[in-house]
Amino acid sequence: MKVHPGRLKWIAARMGWIIGAVVLVLLIWGGVRYRQQSRVPRVYIQIADDAQGNAFVDSNDVRDILVKTFGHFVEGQTLEKIDVAAIESALEQDLFIEEADVYVDAMANVNISIQQRLPILRVMDVEDETYYLDAQGRQIPFSTKYTARVLVATGDIGLYNSSFMELEDHRLRHTFILAQAILEDPLLSKQIEQIHINRLGDALLVPKVGNHKIYFGAPLERTAEKLDELKIFYKEAMPYEGWEKYKLLNLAFEGQIVAKKR
């Protein structure tokens with residue numbers, strides 16, 4: 001049976017395409033296999049700076065976490081052994097790390113970017129260990145190598161409970177909500193450095209400037225109103241009277257501040 005010349009050309013072209021596709025697949029497979037056998041020459045660890053300048057985590061901590069989790073560090077390992085998702089998951093299990101982003105670049109280097117968790121309040125209860133809380137109320141352990149310069153809460157606050165924000169009568173909830181209100185205000189966030197909770201659950205504020213104390217009373221009672229009155233006093237009275245004239249400002253009375261002089 002005689003095959004038409006046009007048919008032969010079509011068959012030859014199809015065979016050429018098939019052979020070309022097979023060769024391309026083999027080349028890609030070979031390239032991928034070669035890359036997978038490549039060893040990681042360098043690991044670059046970048047820890048994002050934050051406005052507070054926190055330093056809970058450093059490069060050595062990242063290395064220690066990976067060695068403890070996988071039994072070895074990433075550097076020198078073949079790429080086929082590098083599980084980016086597993087590395088990210090291991091790092092994000094650390095209580096000081098908010099987020100980890102890991103990727104392999106074109107030179108087979110592994111790049112690790114770390115975002116630290118940001119504390120907003122340091123809690124020092126009379127019966128509990130010192131710890132921090134972040135903006136979501138999650139606990140961050142106290143670090144022996146670094147102390148964050150944040151608002152401090154002391155006194156009879158109560159033992160930490162992961163569900164404290166759901167407990168209406170928990171003093172830690174009251175303290176945390178008051179701390180949030182202070183930190184949201186540009187003036188008070190710079191002026192108030194400590195919240196002390198006494199045995200009755202009332203709050204006493206300690207300022208950074210001035211040698212006075214501020215009796216706040218119940219933390220969640222007229223909170224916004226009391227803080228507004230305190231700001232007015234700071235803006236209008238203090239510049240004229242001076243920061244050292246008073247030893248106590250009492251915010252417990254509605255509509256006024258009772259200022260006790262030295």
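Numbering starts at 1 and runs along the sequence shown. What you see is a predicted model, and the numbers here were worked out from it, not measured in a lab.
- At distances below 3.5 Å, at least one donor-acceptor pair connects side-chain atoms of Thr223 with backbone N or O atoms of Pro219.
- Annotation: Lys68, atom NZ; neighbour count of heavy atoms from other residues, nucleotides and ligands within 6.0 Å does not exceed 12.
- With contacts defined as side-chain heavy-atom distances shorter than 4.5 Å, the pair Glu92/Glu98 does not qualify.
- Among all heavy-atom pairs drawn from Tyr246 and His212, the shortest one is O-CB, 3.3 Å.
- Using a 4.5 Å heavy-atom threshold, the side chains of Ile214 and Leu251 count as touching.
- A donor-acceptor pair under 3.5 Å is absent between the side-chain atoms of Gln139 and the main chain of Tyr131, judged by distance alone.
- Looking only at side-chain heavy atoms (C-beta outward), Gln115 and Ile97 stay at 4.5 Å or farther from each other.
- In this structure, Ile232 is not a member of the same hydrophobic cluster as Leu187, with clusters built from ILVMFWY side-chain heavy atoms closer than 4.5 Å.
- Distance check: Gln116 CD to Asp58 CG gives 9.0 Å after rounding to the nearest 0.5 Å.
- A salt bridge links Asp134 with Arg117; the closest basic N to acidic carboxylate O contact falls under 4.0 Å.
- The NZ atom of Lys260 sits 4.5 Å away from the NZ atom of Lys247 when rounded to the nearest 0.5 Å.
- Although no hydrogens or angles enter the test, the distance criterion places no donor-acceptor pair under 3.5 Å between the side chain of His170 and the main chain of Asn161.
- Between Tyr132 and Phe142, the ring-plane angle classifies as parallel under the 30° and 60° cut-offs.
- By the 6.0 Å contact criterion, CD on Glu129 is open, its count of non-hydrogen atoms from other residues, nucleotides or ligands being 12 or less.
- Shown here for Ala100 and Ile114, the closest heavy-atom pair between the two residues is CB-CD1, 3.9 Å.
- Note that CD1 of Ile197 and CG of Asp156 are 9.0 Å apart. Values are rounded to the nearest 0.5 Å.
- In this structure a side-chain-to-backbone donor-acceptor pair under 3.5 Å is missing from Arg222 to Leu227.
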Please step through side-chain contact (heavy atoms from CB on, under 4.5 Å) for the pair Thr69 and Ile87, ending with a clear verdict. CA-CA 9 Å; Thr69 304; Ile87 294 173; over 6 Å; no
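- Without hydrogens or angle criteria, Lys226 side chain to Glu221 main chain gives a donor-acceptor distance under 3.5 Å.
- Taking CG from Leu220 and CD from Glu168, the interatomic distance works out to 9.0 Å, rounded to the nearest 0.5 Å.
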Salt bridge (charged side-chain N to carboxylate O under 4.0 Å, His left out) between Arg149 and Glu193, intermediate numbers included: CA-CA 9 Å; Arg149 296 182 178 180; Glu193 66 178 0; over 6 Å; no
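- Relative orientation of the Phe56 and Phe96 rings is parallel, given thresholds of 30° and 60° on the angle between their planes.
- Between Ile65 and Ala90, the closest heavy-atom pair is CG2-O, 3.9 Å.
- Distance alone, capped at 3.5 Å, is enough to place a donor-acceptor pair between the Ser189 side chain and the Pro186 backbone.
- Under the rule for a side-chain hydrogen bond (donor to acceptor under 3.5 Å, both in side chains), the partners of His196 that lie at least two apart in sequence or sit in another chain are Thr154.
- Residue Tyr234 is not grouped with residue Phe253 when hydrophobic side chains (ILVMFWY) are merged at heavy-atom distances under 4.5 angstrom, including chains of intermediate members.
- Annotation for Gln136: atom CD counts as buried by contact number, over 12 foreign heavy atoms lying within 6.0 Å.
- Remark: the backbone N or O of Arg42 is paired with a side-chain donor or acceptor of Asn109 at under 3.5 angstrom.
- The hydrophobic cluster containing Ile157 does not contain Val206, counting ILVMFWY residues as joined when their side-chain heavy atoms lie under 4.5 angstrom apart, directly or transitively.
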Evaluate the criterion side-chain contact (heavy atoms from CB on, under 4.5 Å) for residue pair Glu88 and Glu99; output intermediate values, then yes/no. CA-CA 8 Å; Glu88 290 177 344; Glu99 185 177 1; over 6 Å; no
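- One hydrophobic cluster holds both Met165 and Leu178 under the rule that ILVMFWY side chains link at heavy-atom gaps under 4.5 Å.
- The minimum heavy-atom distance linking Gly137 with Tyr160 is given by the pair O-OH, 3.9 Å.
- Note on Leu248 and Phe233: separate hydrophobic clusters, where clusters join Ile, Leu, Val, Met, Phe, Trp and Tyr whose side-chain heavy atoms are under 4.5 Å apart, directly or indirectly.
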Take Ile112 and Gln46 through the test side-chain contact (heavy atoms from CB on, under 4.5 Å) and record every step on the way to the result. CA-CA 6 Å; Ile112 301 175; Gln46 181 179 12; over 6 Å; no
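- The side-chain heavy atoms of Val123 and Leu133, taken from C-beta on, include a pair separated by under 4.5 Å.
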Between Asn111 and Asp105, is a side-chain hydrogen bond (donor to acceptor under 3.5 Å, both in side chains) present by the stated rule, with each step listed? CA-CA 7 Å; Asn111 297 263; Asp105 63 24; 3.3 Å; yes
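- Considering only heavy atoms from C-beta on, Val152 stays 4.5 Å or farther from Ile195 through its side chain.
- A heavy-atom distance below 4.5 Å is found between the side chains of Met124 and Arg122.
- Closest approach of Lys208 and Ile192 over heavy atoms only: CE-O, 4.2 Å.
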List the steps, then state whether side-chain contact (heavy atoms from CB on, under 4.5 Å) holds for Leu121 with Phe176. CA-CA 8 Å; Leu121 182 68; Phe176 183 69; 4.3 Å; yes
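- Within 6.0 Å of OH on Tyr146 lie more than 12 heavy atoms contributed by other residues, nucleotides or ligands.
- The distance from the CG atom of Leu205 to the CD1 atom of Ile182 is 5.0 Å, given to the nearest 0.5 Å.
- The main-chain N or O of Ala85 is never found under 3.5 Å from a side-chain atom of Ser89 such that the two would form a donor-acceptor pair.
- Rounded to the nearest 0.5 Å, atoms CG (Asp202) and CZ (Arg171) are 8.5 Å apart.
- A pairwise comparison of heavy atoms in Leu118 and Ile140 identifies C-CD1, 4.2 Å as the closest pair.
- Residues Asn250 and Phe216 are not in side-chain contact: their nearest non-hydrogen atoms beyond the backbone lie 4.5 Å or more apart.
- Residues Leu167 and Leu172 form no side-chain contact, since every pair of their non-hydrogen atoms from C-beta on lies 4.5 Å or further apart.
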